[in-house]
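Given the structure is predicted, the values throughout are model-derived calculations rather than measurements.
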Amino acid sequence: HVTKFQCFASLFWGVVADRIGRKPIIAFSMFSVVIFNTLFGLSVKYWMAIATRMLLGSMNGMLAPIKAYSVEVCRPEHHALGLSVVSTGWGIGLVVGPAIGGYLAQPAKQYPNLFSENSIFGRFPYLLPCLFISLIAFAVLISCIWLPETLHMHKNLEREVEMVGDSRAAPHREVPHPEKSLYKNWPLMSSIIAYCVFTLHDTAYSEIFSLWAVSEKKYGGLNFSSKDVGQVLAVSGAGLLLYQIFVYRHVHKYLGSIISSRIAAALSIPLLATYPFMTHLSGTKLGLAIYFAAVIKGAFASQNQRGAANGISTTAMSLFKAIAPAGAGVL
């Protein structure tokens, strides 16, 4: 539901970020995380959980402007580094997030010596991980005070491009500067389509993996606890983070973006085909197989109006992320 509402809101937040600036949108997004993520942990009814997640998805405009900000805040020679920082942050989240959920959810059951069933964490078993994440978001919100605004850099760059174009034009001719529609930019749209397909696949995998892992052996699952699932996802995220930092740049240097993406997509097919056979394993063999497959799968998955362009990409990505859990769950 978060991604479903991000689908409707991302383009809006991208356009707003191009109008009023990146910093206000980033700060407001972190404020929405603090409020609605905490309320989600306090939900006692299904409709309350859905409502808070919907509000979080629609109010969180971070995804659209953050990539534009990461480029604009850096000098031209460091633009690639700025984008890699965003990817690295995502990788850190993939490590820390599942670990927080796995270790802090249902604390009264996991740590009965520390948390009583009659305490607030016994009444709200998922409040502790939500509260922990909200505290992190609050610290980030405070740090937004020192963030420099970069929208003027983007506008200055546009003016410089126009001045260069005017200086190269003949004095007696007027050169129109029509703003090309992002939707007619085929290289951009084709990359967004490919991104959406990968997102659909990866979100469906994440949805089904957790359900499959916690299912009992008689139903073809692994009979894992929530803590076990969190550990596997955390190790997978750690593998992705190390791959992005130390390996991917060399792969990209020699193969390029397109060829490396094609290879990753092709190799994902036989890798995923091995998962059903893991139910016949147990003990150390199962642990080695599932951790290795999860790390490799994570590595395979990593493969000018900046705010609006990222908004379109995030909108389409969020639509596919909204479709994937329901579709994969039904299948």
Which residues share a ring pair (Phe, Tyr, Trp, His ring centres under 6.0 Å) with Phe28, sequence neighbours left out
Trp13

Quick one: side-chain contact (heavy atoms from CB on, under 4.5 Å) partners of [X], sequence neighbours excluded?
X	result
Ser116	Asn118, Ser119
Pro112	none
Tyr126	Ala105, Gln106
Ile263	Leu255, Ile259, Leu267

Show every donor-acceptor pair shorter than 3.5 Å between a side-chain atom in residues 279-291 and any protein atom, with sequence neighbours excluded, or say none if there are none.
from   : atom 1 : to     : atom 2 : distance (Å)
Thr279 : OG1    : Pro276 : O      : 2.9

With sequence neighbours left out, what residues match Lys45 under salt bridge (charged side-chain N to carboxylate O under 4.0 Å, His left out)?
none

Set of side chain to side chain donor-acceptor pair (under 3.5 Å) partners for [X], sequence neighbours left out:
X	value
Ser143	none
Ser70	none
Asp228	Ser225

Determine which pairs satisfy salt bridge (Lys or Arg N to Asp or Glu O under 4.0 Å) with at least one residue from residues 211-223, sequence neighbours left out, and list them in order.
Glu216-Lys218

Not counting sequence neighbours, list each pair that qualifies as a side-chain hydrogen bond (donor to acceptor under 3.5 Å, both in side chains) and has a residue in residues 230-240.
Tyr103-Gln231

